[in-house]
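A short worksheet on the structure shown next.
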Amino acid sequence: MTQLRQASRRDLFKFAGAGVVIFFGLKGLADAQAQERRPPYPSDFHAYLAVGENGRVTVFSGKIEMGQGVLTSQAQMAAEELGVALSSVDMVLGDTERCPWDMGTFGSLTTRMFGPYLRAAAAKARSVLLGLAAKRLNVPADMLTVKDGVVFVIGDPARSVTYAALAKEARVTEAVDEQAVLRRPAAFTVMGRSPKRLDGVEKVTGEAKYAADIRLPNMLYARVLRAPAHGAVLTRLDTAAAEKLPGVIVIKHEDLTAVLHPDPEGAASALSKVVAAWRKAPSSLNQETIFAHLLSAATDVRAIEARGNATSKPVRTFETTYHKGYVAHAPIEPHAALAEVRNGRATVWASTQTPFPTRSAVAKALGFEEKAVRVITPFVGGGFGGKSASLQAIEAARLSQITGRPVQVAWTRAEEFFYDTFDPAAVVTIRSGLDARDRISHWDYVVYAAGPRGASLFYDIPNVRVRSAGGLAYEGEAANESLHLFGTGPWRAPGANMNVFAIESQIDTMAAAAGQDPVAFRLQHLTDERMRRVLQACAGAFGWKPARAPSGGGVAVALSIDAGTYVATMAEVKVDRSKGLVQPTRITCALDMGVVVNPDGARMQTEGCLTMGLGYTLAEELKFDGGEILDTNFGSYQLPRFSWVPPIETVFVKNDTLAPQGCGEPAITTTGAVLANAVFDATGARLLRLPMTPERVLAALAAKGRQASAGAA
Amino acid sequence: MTSISFNLNGKPVSLPGGDDRTLLWVLRTDAGLTGPKYGCGEGRCGACTVLVDGQPVRSCAYPLSGVAGKRVLTIEGLAKNGTLHPLQQAFIDHGAFQCGYCTSSMLLTAYALLQETPHPTRDDMISRLNNNLCRCGAHLRILDAIEAVSKPMGARS
Ligand code: FES
Ligand code: FES
């Protein structure tokens, strides 16, 4: 892929000169997109896919590779539909000049939403090639089949012609066919398998290039002057000392003050010589006071779901408030970009999940037309929703425009924390109730600031009201600006981690009050067959033994539906009662994600989700003082480590009648709930705030002890 | 200008600087080796790991002068004559990476461990790797890959 990324645009035209090129050209599918509340899919005339005269297939996709394995899974989809070996597929990802327009890589949409287009494009290419072969071999197309790029007559394989030979003589450009007939899962030979990742060799040899690894002759490394706190105003600036250093260029342009040097350390030491004074905006908000603020400031309440009368009175009422702090994306690769602005054109290599929106933003910042800007996305070192804004690309482009030289902007870890678009702190209040038969009769739910993803109920409850307060900028709605002092944005399964934590904790609380086994209690309220199957599969694999919680065993369950995928997770924990430490000892996760494109890839994503989930569940919570971000590195802000991760078993519940659903996010939504429920099962103490830090676990245990002695007295 | 001579991935080199320059940036710029990554700059994540005389060091917090006369191995030097080291192959076979940004640090740290302790226990591996961060959650696969290579019957070179 490295070579392809560097290949020139002429290659594309070469394909177009001879070969089969499949363009976008659909209208019906755009309506389907609109239903998903996303802008319609590309209307530009970039190819999705080309079969070259050498027989190689090139797939062009705006979806970038940041670890989720879509380089490989997209190649699998194309290879499957075309009938070629995976090894004959080349991928070009996230290059705005070569790939069809794309909104960005997030929301587990690559396989679910882009997948059908890609498969349709490949299926179209196959039918075009079969048509050409039919003429060449002088047989009807329906007597032909294809394997590994060779078309042959069914029953007479000697009469054959290769894709390469066909492409050599063809000059076909076709639009994707809306009616493309996709291959059925039973016939799959490439999809549904787990080939080794196509980026493997590059990534284990250090050859894989990330944005900060790109070098251009004469380039400069920039460090940008940063405010000590969001909302702080610059009151004094003196760059004289920095300007005196050899090789240093100081740029002061509007809001941007930067020092540049041919060596990154030269730039860093120049920045340390810049004297700046700031006036901070006063604020009493911090990680403790934020929740009261959210409750009072999130005033725009909107209905998500309602039936029956949720405000009537149940036999037994359970009222609970749940909390969760801000969580950082903290990819190990900080944002980086290299920009070269020359002769009225800009080329930007950026660590981004959104190459096309980044192109628009860079064009706007430079005063260029969009077509004068090319964004190229090398490998991205983790995104999780956090690499959508691309401020670093804009900064690099502006500085390159001013200096006339290529400029790299690579953020430090402190900058990465400062400019992160955090998963917002959030509150959920639930008033739920049981009827006289211990069935859930009432559910009145409000989520503040996290958004509605994952808030809808899949349990059968007669009286329900679900509401969401506090708009989210990333949903394309007006942000409730007064909510947060710094950036917030989508974080792996945005909002769902908080909602599932609250919902599944509350269900568990009621199961315990009803004196019932948590799995049996859930099944009593579930008619959705898909969810029942997933729960039962999980229980079987985990070896669930029915018992009323707290059983002392430290085992628990949590369910979720996310990105079209059904998830049931069971976990076992040990709680160190003297230190308050929670150690998961095993996790089993069952998922129904429809057709599984790459089982091993899906397993890796699930393990990644559950491992990452340990962070927001047990440790990760941003500390801040007003607009000042107090966490600046991995000392005070802890990510999950090897010693935290228990054995994880992933079970796929077969559902080949359903197109592939999301896989990079669903499992993470259950982590908070399943571990909170497991701590309850182990100790009888209910944790209502994430993360469950040792102090909070100790406090909950102490409160539990007080309750018990008060009860005994 | 001073310069520091050392052995880099098997070849003698002499690179400009001394106490005033940090190994990570010299490798990434002057030497053109971008396998060692910046992740935190404070020795907390391990992304910049290289081996100095066989020992893992955090090159973001290591002066260039510290490698004078020593052997430095970066991820670029692990494969020999285009053949992957068995650990590298095991990382591929076990899917021991996702984004790949931590991969060079994991490989080199594991390589150093296996040089010292050819058959480490799972706990040995965890304690050696515990300060190497991976945000993607490839931890279990990384341990599986090291285990596969370290098995007494495993293919070792
Ligand atoms: S970059 Fe050196 S330890 Fe993080
Ligand atoms: S694979 Fe992404 S940080 Fe480890």
Side-chain angles (χ1 to χ4, degrees), chain A residues 65-69 194 196-197 199-210 212-213 215 221 262-265 329-334 379-384 410 412-414 600-601 603-605 607-615 633-635 639-645 647-648, chain B residues 17 20-22 25-26 28-30 32-42 44-47 74-79 84-85 87-89 91-93 95-105 107 123 125-143:
Chain A
E65 175 64 54
M66 55 182 169
Q68 72 299 34
S194 301
K196 301 285 172 263
R197 290 178 60 131
D199 49 2
V201 172
E202 280 170 279
K203 285 185 174 173
V204 302
T205 54
E207 261 174 53
K209 294 283 183 248
Y210 300 78
D213 301 337
R215 299 284 175 267
Y221 296 82
D263 178 72
E265 286 189 283
H329 294 90
I332 307 299
E333 178 206 28
F379 284 116
V380 176
F384 318 111
T412 63
R413 182 52 56 186
D600 206 40
R603 223 170 269 125
M604 278 159 70
Q605 281 300 303
E607 291 165 15
C609 272
L610 295 167
T611 302
M612 188 174 185
L614 297 177
N633 213 311
F634 297 130
L639 304 188
R641 291 170 187 273
F642 280 90
S643 58
W644 302 16
V645 188
I648 295 171
Chain B
D20 54 328
R21 297 193 72 198
T22 308
W25 300 115
V26 177
R28 287 182 54 80
T29 56
D30 302 39
L33 298 176
T34 54
K37 304 293 187 210
Y38 170 91
C40 72
E42 291 184 1
R44 297 181 186 279
C45 74
T74 72
I75 189 65
E76 286 90 344
L78 200 55
L84 295 182
H85 185 274
L87 248 187
Q88 290 172 306
Q89 188 59 51
F91 265 54
I92 295 177
D93 295 345
F97 55 84
Q98 290 182 24
C99 79
Y101 200 76
C102 69
T103 308
S104 63
S105 82
L107 276 165
D123 283 345
M125 298 176 207
I126 290 171
S127 66
R128 254 324 243 286
L129 289 166
N130 217 30
N131 290 329
N132 289 50
L133 300 179
C134 171
R135 185 51 154 172
C136 298
H139 303 73
L140 295 173
R141 306 289 180 125
I142 293 170
L143 297 176

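Within every chain, numbering begins at 1; the chains are lettered A, B, ... in the order of the sequence lines, protein sequences first and strands thereafter.
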Could you look at [X] and say if it's the side chain, the backbone, both or neither that has a heavy atom under 4.5 Å from chain A?
{"X": "B:Ala138", "result": "neither"}
{"X": "B:Ile142", "result": "side chain"}
{"X": "B:Leu133", "result": "both"}
{"X": "B:Cys102", "result": "neither"}
{"X": "B:Leu129", "result": "both"}

On a heavy-atom basis, which atom in [X] and which in [Y] lie closest, and how many Å separate them?
{"X": "A:Arg641", "Y": "B:Asn131", "value": "NH1-OD1, 2.9 Å"}
{"X": "A:Ile332", "Y": "B:Ala47", "value": "CG2-CB, 4.1 Å"}
{"X": "A:Gly381", "Y": "B:Cys99", "value": "C-SG, 3.4 Å"}

Chain B contact via [X] - which portion, at a heavy-atom distance below 4.5 Å:
{"X": "A:Pro640", "value": "both"}
{"X": "A:Glu265", "value": "side chain"}
{"X": "A:Ala414", "value": "neither"}
{"X": "A:Met604", "value": "both"}
{"X": "A:Ile648", "value": "both"}

Atom [atom1] in [X], atom [atom2] in [Y]: separation rounded to 0.5 Å?
{"X": "A:Lys203", "Y": "B:Gln88", "atom1": "NZ", "atom2": "CD", "answer": "15.0 Å"}
{"X": "B:Cys136", "Y": "A:Gln68", "atom1": "SG", "atom2": "CD", "answer": "9.0 Å"}
{"X": "B:Ser104", "Y": "A:Glu207", "atom1": "OG", "atom2": "CD", "answer": "13.0 Å"}
{"X": "B:Ile92", "Y": "A:Arg197", "atom1": "CD1", "atom2": "CZ", "answer": "11.0 Å"}

Taking [options] one by one, which has the highest count of heavy-atom pairs under 4.5 Å against chain A?
{"options": "B:Asp123, B:Thr103, B:Asn132", "answer": "B:Thr103"}
{"options": "B:Asp93, B:Asp20, B:Leu33, B:Val26", "answer": "B:Asp93"}
{"options": "B:Thr74, B:Ile126, B:Leu78, B:Asp30", "answer": "B:Ile126"}
{"options": "B:Gly100, B:Cys134, B:Gly35", "answer": "B:Gly100"}

Closest-packed option against chain B by number of heavy-atom pairs under 4.5 Å, given [options]:
{"options": "A:Gly69, A:Gly206, A:Gly601", "result": "A:Gly206"}
{"options": "A:Phe384, A:Trp644, A:Tyr210", "result": "A:Tyr210"}
{"options": "A:Asn633, A:Leu639, A:Asp263", "result": "A:Asn633"}
{"options": "A:Ala330, A:Gly613, A:Pro262", "result": "A:Ala330"}
{"options": "A:Gly382, A:Cys609, A:Pro264", "result": "A:Pro264"}

Quiz item: So, B:Arg135 side chain and A:Glu333 main chain: donor-acceptor pair closer than 3.5 Å or not?
Solution: no
Would you check if [X] and [Y] make a side-chain contact, meaning some heavy-atom pair closer than 4.5 Å?
{"X": "B:Arg28", "Y": "A:Arg215", "result": "yes"}
{"X": "A:Asp213", "Y": "B:Lys37", "result": "yes"}
{"X": "B:Ser127", "Y": "A:Phe642", "result": "no"}
{"X": "A:Asp199", "Y": "B:Phe97", "result": "yes"}
{"X": "B:Gln89", "Y": "A:Lys196", "result": "no"}

Self-check item: Test: A:Arg413 and B:Glu42 ion pair at under 4.0 Å
Solution: no
Quiz item: For B:Arg141 and A:Arg603, what are the C-alpha separation, side-chain angles and deciding distance, and is it a side chain to side chain contact (heavy atoms under 4.5 Å, CB included)?
Solution: CA-CA 11 Å; B:Arg141 306 289 180 125; A:Arg603 223 170 269 125; 3.6 Å; yes
